[in-house]
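One structure below.
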Amino acid sequence: MPFMNDRESQSSAKVFFALWPTASGRAGLSKWQMPLQQICGGRLMREDTLHATLVFVGEVEPHRLEALQLAAREAGGERFDLCFSEARYWGHNHIVYAAPSDVPLQLGRLVDTLERNLVRHRFKLERREFKPHVTLLRDAHWSDTPLPAMDQVCWKAADFVLVQSLREAGQAAYRVLERFPLHVTEA
């Protein structure tokens, strides 16, 4: 699938791999936003953009799309339940986000395998500790005090996606380029 750009002459695209919530997962996380915005301020992320980034790749030339897809297909991975149960704040970038209290082993393995495959396919990645989260508010302000408890939001991670980040009418927009199924775990 070709990249779509806001300028057709653009020769690269900003891409990342993510878990894309189900419709009910997005709606559940969206319900967290207004109460959190009332106490932290900030700008709401649009419900249709809520996602959990697995690996940020960055700018990629269109001819490298096939290698990205291959790295993802080779990652495989098992399906898992992902539950977000805590709202947290990162002061360094003024973000309020949803976080899981427990990170499924399958999620950590998927990220590790995907990163290794991308490096093997000669993609350069920023090395940072993986902290699963869904950004809910930007430009927020809070302290180290814990944020209020929220209703847990869960969804079955049945696949992961390759996403292109675009600018449309001055706003961030995301286009899912391809979905990669996760396998059913045999009991």
Side-chain angles (χ1 to χ4, degrees), residues 15-57 72 75-115 125-126 128-165 171-185:
V15 296
F16 59 93
F17 289 97
L19 295 175
W20 212 253
T22 60
S24 63
R26 274 192 312 278
L29 290 168
S30 179
K31 288 179 183 175
W32 289 24
Q33 291 179 295
M34 289 303 288
L36 292 168
Q37 186 185 40
Q38 289 175 350
I39 59 173
C40 301
R43 179 172 45 90
L44 298 172
M45 301 303 297
R46 291 190 331 268
E47 184 175 327
D48 66 316
T49 67
L50 297 177
H51 66 277
T53 300
L54 297 172
V55 179
F56 180 76
V57 180
E78 299 173 348
R79 292 181 180 194
F80 56 91
D81 291 320
L82 184 57
C83 294
F84 290 87
S85 53
E86 300 176 8
R88 296 184 187 162
Y89 175 69
W90 276 323
H92 70 282
N93 56 8
H94 305 285
I95 286 177
V96 172
Y97 64 98
S101 56
D102 295 309
V103 178
L105 292 174
Q106 299 94 326
L107 175 56
R109 285 195 296 259
L110 174 61
V111 170
D112 288 343
T113 303
L114 188 53
E115 286 179 341
L125 306 174
E126 282 185 28
R128 56 171 78 159
E129 181 184 355
F130 176 64
K131 295 181 181 178
H133 69 281
V134 174
T135 299
L136 301 172
L137 302 171
R138 292 193 180 278
D139 306 318
H141 296 283
W142 191 241
S143 64
D144 291 335
T145 306
L147 287 162
M150 296 288 161
D151 291 334
Q152 181 170 269
V153 175
C154 299
W155 79 83
K156 172 71 75 183
D159 62 12
F160 65 100
V161 294
L162 174 61
V163 180
Q164 180 182 3
S165 179
Q171 289 189 330
Y174 301 123
R175 177 174 180 245
V176 173
L177 299 174
E178 187 169 345
R179 291 183 172 276
F180 304 93
L182 295 170
H183 307 290
V184 177
T185 307

Audit row: Leu114, Phe160, side-chain contact (heavy atoms from CB on, under 4.5 Å) steps and yes/no: CA-CA 11 Å; Leu114 188 53; Phe160 65 100; 4.1 Å; yes
Intermediate values then yes/no, side-chain contact (heavy atoms from CB on, under 4.5 Å), Phe130 and Leu107: CA-CA 10 Å; Phe130 176 64; Leu107 175 56; 3.8 Å; yes
Stepwise side-chain contact (heavy atoms from CB on, under 4.5 Å) test for Tyr174 and Thr49: CA-CA 7 Å; Tyr174 301 123; Thr49 67; 3.6 Å; yes
Full working for side-chain contact (heavy atoms from CB on, under 4.5 Å) between Arg46 and Gln171: CA-CA 10 Å; Arg46 291 190 331 268; Gln171 289 189 330; 3.3 Å; yes
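Here the shortest heavy-atom pairing between Pro100 and Pro132 reads CD-O, 3.4 Å. Nearest heavy atoms, Ala18 versus Val163: CB-CG2, 4.4 Å. When every heavy atom of Met150 is checked against every heavy atom of Pro35, the shortest pair comes out as CE-CB, 4.3 Å. Residue Ser165 comes nearest to Phe16 through the heavy atom pair CB-CE2, 4.3 Å, listed as atom of the first residue, atom of the second, then distance. Heavy-atom minimum distance, Glu47 versus Ser30: OE1-OG, 3.2 Å. When all heavy atoms of Ala72 and Phe17 are compared, the pair lying nearest together is CB-CE2, 3.6 Å.
Using the six-membered ring where Trp is involved, Trp90 and His133 have ring planes that are perpendicular, over 60° apart on the 30 and 60° scheme.
No donor-acceptor pair under 3.5 Å is formed between the side chain of Thr53 and the backbone N or O of Phe56. Side chain of Arg79 to main chain of Ala157: no donor-acceptor pair is present (N/O by atom type, distance under 3.5 Å, no hydrogens or angles). Remark: side-chain polar atoms of Gln33 are paired, donor with acceptor, to backbone N or O of Met45 under 3.5 angstrom. Not a single donor-acceptor pair under 3.5 Å links the side chain of Arg175 to the backbone N or O of Gln164.
Note that CZ of Arg88 and CG of Asp144 are 13.0 Å apart. Values are rounded to the nearest 0.5 Å. Here the CG-CG distance, from Asp151 to Leu29, works out to 11.5 Å after rounding to the nearest 0.5 Å. Between Glu78 atom CD and His183 atom NE2 the span is 8.5 Å, to the nearest 0.5 Å. In this structure, Phe84 CZ and Gln152 CD are separated by 10.5 Å, a value rounded to the nearest 0.5 Å. Atom CH2 of residue Trp142 and atom CG of residue Leu36 lie 9.0 Å apart, to the nearest 0.5 angstrom. Rounding to the nearest 0.5 Å places CZ of Arg138 at 14.5 Å from SG of Cys40.
Proximity of Leu50 to Leu136: side-chain heavy atoms (C-beta onward) are separated by under 4.5 Å at one or more points. With a 4.5 Å cut-off on side-chain heavy atoms, Leu44 and Met34 count as touching. Within the 4.5 Å cutoff, the side chain of Arg179 has heavy atoms near those of the Trp20 side chain. Using a 4.5 Å heavy-atom cutoff, the side chains of Tyr97 and Tyr89 are not in contact. Residues His94 and His141 form a side-chain contact, since some pair of their non-hydrogen atoms from C-beta on lies under 4.5 Å apart. Taking 4.5 Å as the limit, every side-chain heavy atom of His51 sits out of range of all side-chain heavy atoms of Val176. Side-chain contact between Leu82 and Pro104 is present, with heavy atoms from C-beta onward closer than 4.5 Å. The side-chain heavy atoms of Asp159 and Phe180, taken from C-beta on, include no pair separated by under 4.5 Å.
For an aromatic pair to be called close, the ring centres must be under 6.0 Å apart, and Trp155 with Phe80 fails this.
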